[in-house]
Amino acid sequence: MADVAIIGGGIAGLWTALELLRAGASVTVFDGRRLGEGASTAAGGMLAPGAEGDGLAPAVQAFAIASRKAWTHAAADIENASGIDIGYADCGSLIIARDDAEAAALKAQCAQRFGAWLDSSALASTYPQLRHGLAGGAFVAGDACVDNRALIEALSAAVTQAGGTCAFGLGDVGVRVGGNRVLGVRAGGRNLDFPRVLLATGAWTSHVSIEGGSATDLPPVMPVKGQMGMIRVAALPMRELVWLGHTYLIPRRAGQLVLGATSEDAGFDPCISEGAVEKLADDARWLVPSLAGLPVVERWCGFRPATPDGLPVLGQTRVDGLYVASGQYRNGILFGPLVARTMAACISGKASAIDISAFDPKRFGPRHEH
Ligand SMILES: Cc1cc2nc3c(=O)[nH]c(=O)nc-3n(C[C@H](O)[C@H](O)[C@H](O)COP(=O)(O)OP(=O)(O)OC[C@H]3O[C@@H](n4cnc5c(N)ncnc54)[C@H](O)[C@@H]3O)c2cc1C
């Protein structure tokens with residue numbers, strides 16, 4: 001198969017590169033920044049179609065469930081390919097109901113969709129480390145988590161070991177187009193020819209420069225900023241992902257309890273607000289009294305790639321040979337294995353194992369700049 005250039009060294013770009021390399025392609029992954037500076041490293045690493053699934057469009061929900069299934073094998077595969085432990089754990093989710101109104105809603109959801117309902121006393125006896133007097137909780141067995149920082153290092157190592165090239169830290173890389181066909185990329189001041197180019201550029205997708213073509217051919221993708229923090233503990237209070245309203249607690253290895261996350265329409269503003277992260281920590285300390293007095297030791301933020309209709313964008317654009325994998329919004333880590341598989345099939349001209357026509361980048365129509 002002819003050469004493929006991938007712009008974007010996050011989960012979508014690296015994992016698709018690995019699939020393409022395994023199918024015999026030669027692949028170069030470009031990134032303007034150093035490894036691990038996109039959303040994939042900033043994320044929480046939850047693989048949670050159960051707890052996160054509510055409110056997703058049916059096509060996205062089906063994609064989420066299929067990708068969650070793919071994760072079980074994929075995690076071991078990436079560890080074998082890279083020699084790096086990515087901290088995958090079948091931990092389940094625990095969703096907390098603070099009061100009777102939340103309990104009624106959650107109990108109804110349990111009956112319809114998932115999970116075992118725990119009333120107030122069952123919750124207290126199963127999880128004595130939580131504050132007393134909570135109204136109940138739902139345990140969702142199928143959810144899992146991964147250490148996404150280790151995952152990105154592992155994917156990059158696996159790509160290199162499979163013969164791929166990673167060209168990082170080059171500044172913004174652009175696409176070159178001629179006669180509605182992709183010609184290649186412009187990277188580090190040089191024109192490089194590639195017959196196929198994949199934009200795995202996350203929240204920056206609409207900002208990629210297109211020489212000889214029109215930016216209106218790219219789908220609209222907006223950044224949704226998320227701030228997170230981490231508390232270090234001697235022993236993790238529990239192994240489950242825990243959901244408390246909009247706040248969640250993620251147990252990571254080495255006594256790291258990750259707290260997420262804000263959801264802000266703030267463009268690419270990189271500022272971290274101590275107050276916003278402290279609010280997440282206050283929620284965690286309220287729920288788990290043994291965390292009282294433990295400080296937040298690390299804060300960071302990232303940008304989720306969101307689309308106007310809430311669906312990912314996966315497939316070929318209007319420009320022949322130019323593909324996009326973006327718009328995964330809150331679930332790009334969960335979607336990792338299936339995005340890679342479907343995009344590798346699409347770029348190789350093979351049928352995808354799962355129908356991704358609802359995610360076609362061309363559904364938006366050409367945008368007109370004002
Ligand atoms: C705070 C937060 C928490 C999250 N938690 C979870 C979670 O628990 N579970 C989950 O499934 N998802 C989660 N997500 C969502 C998930 O992180 C994203 O959907 C996913 O990482 C997107 O991956 P990506 O590879 O498309 O983009 P990214 O990881 O952002 O990678 C895109 C890369 O493209 C590069 N790039 C962009 N433009 C150019 C250019 N012109 N030239 C060169 N390089 C370029 C960037 O430098 C970047 O490295 C979270 C997101 C955030 C922000």
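Start at 1 and go down the list; that is how both ligands and their atoms are numbered.
- Of the listed options Ala187, Gly226, Ala39, Gly202, Ala39 places a heavy atom closest to atom 30 (O) of ligand 1.
- Stacking of Arg98 on the aromatic ring of Trp243 is not recorded, the 6.0 Å distance cut-off and the 45° axial limit not both being met.
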TODO: Start with the C-alpha gap between Phe168 and Phe30, add the side-chain angles, then the distance that decides, and say whether ring-ring contact (aromatic ring centres under 6.0 Å, His included) holds.
DONE: CA-CA 6 Å; Phe168 286 8; Phe30 296 91; 9.1 Å; no
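- Protein heavy atom closest to atom 53 (C) of ligand 1, with residue, atom name and distance, is Gly302 C, 3.4 Å.
- Heavy atoms from both the backbone and the side chain of Met46 come within less than 4.0 Å of ligand 1.
- Side-chain N/O atoms of Tyr88 and Glu79 include no donor and acceptor closer than 3.5 Å.
- With hydrogens left out, the protein atom closest to atom 49 (O) of ligand 1 is Asp31 OD2, 2.6 Å, a heavy atom.
- Every atom of ligand 1 is numbered from 1 in the order shown, and the set under 4.0 Å from a heavy atom of Gly8 is 33 (C), 34 (O), 35 (C).
- In this structure, Lys69 places its NZ atom where only 12 or fewer heavy-atom neighbours from other residues, nucleotides or ligands lie under 6.0 Å away.
- Nearest protein heavy-atom neighbour of atom 46 (C) of ligand 1: Arg33 NH1, 3.2 Å.
- Salt-bridge formation is not detected for the pair Arg33/Asp172: no Lys NZ or Arg NE/NH1/NH2 atom is positioned less than 4.0 Å from an Asp or Glu carboxylate oxygen.
- Remark: of the listed residues Thr205, Thr307, Thr201, Thr205 is the sole one forming a side chain to side chain donor-acceptor pair (under 3.5 Å) with Ser326.
- Given atom 50 (C) of ligand 1, the protein heavy atom at minimum distance is Ala43 CB, 3.5 Å.
- The proximity of Tyr329 to ligand 1, defined as any non-hydrogen pair under 4.0 Å, is limited to the backbone.
- Distances from ligand 1 to the non-hydrogen atoms of Ser326 include no value under 4.0 Å.
- The nearest non-hydrogen atom to atom 23 (O) of ligand 1, considering only Pro49, Ser40, Ala167, comes from Ser40.
- Ligand-side atoms of ligand 1 in range of Phe303: 53 (C), range being under 4.0 angstrom from any heavy atom.
- Atoms of ligand 1 found under 4.0 Å from any heavy atom of Gly10 (numbered from 1 in listed order, with element): 25 (O), 29 (O), 31 (O).
- Residues Glu298 and Gln256 have side chains that never bring a donor and an acceptor to within less than 3.5 angstrom of each other.
- Within a 6.0 Å sphere centred on CG of Asp100, other residues, nucleotides and ligands contribute 12 heavy atoms or fewer.
- Here Gln227 has no heavy atoms under 4.0 Å from ligand 1, in either its backbone or its side chain.
- Between the side chain of Arg285 and the backbone N or O of Leu294, at least one donor-acceptor pair lies under 3.5 Å.
- With a 6.0 Å cutoff to the six-membered ring centre and a 45° limit on the axis angle, Arg341 does not count as a cation-pi contact of Trp15.
- The closest approach between a heavy atom of Pro305 and any atom of ligand 1 is below 4.0 Å.
- Side-chain N or O atoms of Lys225 include one that pairs as donor or acceptor with a backbone N or O of Asp269 at under 3.5 Å.
- Checked by distance only, ligand 1 and Gly44 come closer than 3.5 Å through their nitrogen or oxygen atoms.
- Taking a cut-off of under 4.0 Å to the non-hydrogen atoms of Asn331, the atoms of ligand 1 that pass are 10 (C), 11 (O), 12 (N).
- Ligand 1 places these atoms under 4.0 Å from at least one heavy atom of Leu334: 10 (C), 11 (O).
- The protein heavy atom nearest to atom 38 (N) of ligand 1 is Thr201 CG2, 3.4 Å.
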- [ ] Give the C-alpha distance, both sets of side-chain angles, the deciding distance and a yes or no for side-chain hydrogen bond (donor to acceptor under 3.5 Å, both in side chains) between Asp3 and Ser26.
- [x] CA-CA 5 Å; Asp3 290 356; Ser26 93; 2.5 Å; yes
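- Of all atoms in ligand 1, listed by their number and element, those nearer than 4.0 Å to a heavy atom of Met228 are 1 (C), 3 (C).
- Nearest to atom 10 (C) of ligand 1 among the protein's heavy atoms is Arg330 O, 3.2 Å.
- Near Ala12, with a cut-off below 4.0 Å to any heavy atom, the atoms of ligand 1 are 25 (O), 26 (O).
- Here Ile7 has side-chain heavy atoms under 4.0 Å from ligand 1, and that is the only part of it that gets that close.
- Between Trp204 and Phe268, the ring center distance clears the sub-6.0 Å criterion.
- Scanning all protein heavy atoms for the shortest distance to atom 20 (C) of ligand 1 gives Gly332 CA, 3.7 Å.
- Note: an N/O pair closer than 3.5 Å links Ile11 and ligand 1 by distance alone.
- More than 12 heavy atoms of other residues, nucleotides or ligands sit less than 6.0 Å from atom NE2 of His207.
- Heavy atoms of Gly45 approach ligand 1 to within less than 4.0 angstrom.
- Residue, atom and distance of the protein heavy atom nearest to atom 43 (C) of ligand 1 are Gly32 N, 3.0 Å.
- Checked by distance only, ligand 1 and Val208 stay at 3.5 Å or farther apart across all their nitrogen or oxygen atoms.
- Using modelled atom types, one side-chain atom of Ser120 and one backbone atom of Leu134 make a donor-acceptor pair closer than 3.5 Å.
- Checking Arg252 against Asn148 by side-chain atom types alone, a donor-acceptor pair falls below 3.5 Å.
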